[in-house]
Amino acid sequence: MALLEVCGASWGSQVSCGTKSGRRQDPGHYSFSLRTPELAVPRGLQPPEFLCSLEADAANQVRIEMAHGTTTLAFKFQHGVIVAVDSRATAGNYISTLHVNKVIEINPYLLGTMSGCAADCQYWERLLAKECRLYRLRNGERITVSAASKLLSNMMCQYRGMGLSMGSMICGWDKKGPGLYYVDENGTRLSGTMFSTGSGNSYAYGVLDSGYRPDLGPQEAYALGRRAIVHATHRDSYSGGFVNMYHMKEDGWVKVESSDVSNLFHEYLKTQG
Amino acid sequence: MSNPPFSRGETSSYSGLSSVCEDWWRLGPRKRVKGGGSEWRERCKDRRRVGIRGTDIVVLGVEKKSVAKLQDERTVRKICALDDHVCMAFAGLTADARIVVNRARMECQSHKLTVEDPVTVEYITRFIATLKQRYTQSNGRRPFGISALIVGFDDDGIPRLYQTDPSGTYHAWKANAIGRSAKTVREFLEKNYTEDTIATDSEAIKLAIRALLEVVQSGGKNIELAIIRRNQPLKMFSAKEIESQVVDIEKEKEEAEKKKSKKLI
């Protein structure tokens, strides 16, 4: 398996007494992950089996649900792509922070959103940013959105079944026009006009579907994205904090706003009632 | 050192190949390093190849060696398509070229799969050049004994022509020739390559044939021609088409000479 080769652990290896065996088996601390990215795994451990044992152990009622606790959305319209995310990070029932940045700015023409396991998202998307930069240096032109999302999807495919949790949307503007791709920890890669990920995505889809038109003006589009996130955070306990909104234009992205959802919700109540 | 492996008299390159490999292994490590550049280019003194980059067309012309009576001509291919929009002609060891072409074809498809875009001519040239360089810097291996001319169109419709060396360097050219007496052909191209001569497709094709006719003895029979037009796949010319082009060129030559002689009178 690719992972076993990468971290130097071999199939069914015994704990070796000698520290300096002929072939380099244990990556060790000082050279770990320096040349090629590595994941550290204890000897003899098979991640897929380990995960199965956790999920399927009904007798001991141990269930680990890899849920994506957030709301992120993105949609294409005539003036580009709107990206809107919430900013709440949770650990079970505990809200760890309301100020997470769930959008990674890969380069002035590429954005990636994060939902799922915060560590996985941050690590793999930063790795993607490194690959995008190397592509730019080697080939003299910026990477396309389809290629960037393909790279991320291939990374996910390599570690499929090993417990990664990541739902991401890669948005950008390249020579083919505005691009929007949804990439999953299963290696799913979909191109589309509108996506929403996370535990609050159903609420966001409801608002988006009822208000979306391809010929929206920029202000109307901001209002739509804002409203979708606010209503999702109102009903979904794992989403909240701020609405961070970006607008991907032909000459790059701009950060539109970062507004508190509770203030926005009270404003909506006033206008309604 | 013994004679270069490819001389006009040889009908098979078998003995040539073994002598090249033997020489490589006989040379000590120091001499091998020195020989990385010019000596290996000497090995590629094969029959001539000509490449021309026009405004809407790229042309590859190749001098065929005369085949034995019983040999099937179609199996002797010196122009290979790497993808729909890129092709290459090589001079040197055919067996080495087979490996390089195979790797390049795989890389074209792999690139399409990962990046969802066809390769640019520069990318595949860089890949081939990196592959060649790797073999000049590892132990137990000898360099690929081929020089290649890689032509094609990029996605944005711009035609390109690149040349690679056994050392792994590559350069872009407007028109170039490789193989034996490439200098003569290159001088001819330098004199005759103008914006007019490459303005139309037919003119560019004629220029390539004229460049080869300068050095090829037996005329149109020993020339192989391939063109790529923008957004169209590789087209190999049949013997008849080449003959008709050669006849046209001869006519033009005669008319030019008649005009000259008239002026003198």
Side-chain angles (χ1 to χ4, degrees), chain A residues 2 35-37 76 106-107 109-110 112 124-125 127-160 168-184 187-192 250, chain B residues 53 82-86 88 100 103-134 137-140 148 150-164 167-174 230-231:
Chain A
R35 294 217 187 93
T36 51
K76 279 197 234 182
I106 296 173
N107 67 43
Y109 293 82
L110 260 189
W124 290 106
E125 296 200 21
L127 201 60
L128 175 66
K130 178 192 105 175
E131 291 298 324
C132 291
R133 178 66 182 139
L134 283 175
Y135 183 98
R136 169 77 174 92
L137 287 169
R138 287 176 185 145
N139 296 291
E141 60 170 21
R142 255 181 276 115
I143 194 171
T144 55
V145 189
S146 47
S149 56
K150 202 54 161 303
L151 287 178
L152 187 62
S153 159
N154 286 343
M155 291 177 206
M156 292 298 109
C157 277
Q158 235 191 324
Y159 294 105
R160 194 183 147 106
S168 162
M169 291 178 295
I170 306 294
C171 331
W173 197 304
D174 56 32
K175 59 188 181 193
K176 301 178 197 168
L180 175 57
Y181 286 83
Y182 167 72
V183 179
D184 213 319
T188 311
R189 176 179 163 269
L190 302 167
S191 167
E250 192 168 353
Chain B
R53 182 184 92 189
L82 299 180
D83 203 352
D84 290 331
H85 61 295
V86 190
M88 82 177 227
V100 172
R103 293 290 304 273
R105 282 175 177 160
M106 287 199 294
E107 179 62 22
C108 283
Q109 297 313 308
S110 177
H111 186 273
K112 239 189 212 169
L113 196 61
T114 335
V115 182
E116 292 195 345
D117 257 336
V119 288
T120 55
V121 187
E122 202 261 336
Y123 178 91
I124 197 65
T125 312
R126 195 164 7 113
F127 174 80
I128 292 174
T130 317
L131 176 68
K132 287 186 182 177
Q133 191 275 342
R134 216 175 290 143
Q137 221 181 354
S138 8
N139 58 344
I150 300 154
V151 295
F153 280 89
D154 280 343
D155 236 359
D156 48 9
I158 300 181
R160 304 220 187 257
L161 163 64
Y162 286 91
Q163 185 216 345
T164 57
S167 57
T169 52
Y170 69 94
H171 301 278
W173 291 78
K174 293 184 191 162
R230 190 174 291 122
N231 295 328

*Of the non-hydrogen atoms in A/Asn139 and B/Arg126, which two are nearest, and what is the gap between them?*
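Closest heavy-atom pair between A/Asn139 and B/Arg126: OD1-NH2, 3.0 Å.
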*Nearest heavy atoms of A/Thr144 and B/Val115, plus distance in Å*: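 Shortest heavy-atom separation between A/Thr144 and B/Val115 comes out as OG1-O, 4.1 Å.
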*Given that the side chain runs from C-beta out, which part of A/Asn154 has a heavy atom under 4.5 Å from chain B: side chain, backbone, both or neither?*
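Only the side chain of A/Asn154 comes within 4.5 Å of chain B.
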*Is the closest basic N to carboxylate O distance between A/Lys176 and B/Glu116 below 4.0 Å?*
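No, A/Lys176 and B/Glu116 are not salt-bridged.
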*Are the charged groups of A/Lys175 and B/Asp156 less than 4.0 angstrom apart, N to O?*
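Result for this pair is no, no salt bridge flagged.
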*If you count the non-hydrogen atoms of other residues, nucleotides and ligands that lie under 6.0 Å from CD in B/Gln137, is the total more than 12?*
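Result for CD/B/Gln137: open.
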_Could you check whether atom CZ of B/Arg230 has more than 12 heavy atoms from other residues, nucleotides or ligands sitting under 6.0 Å from it?_
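Yes.
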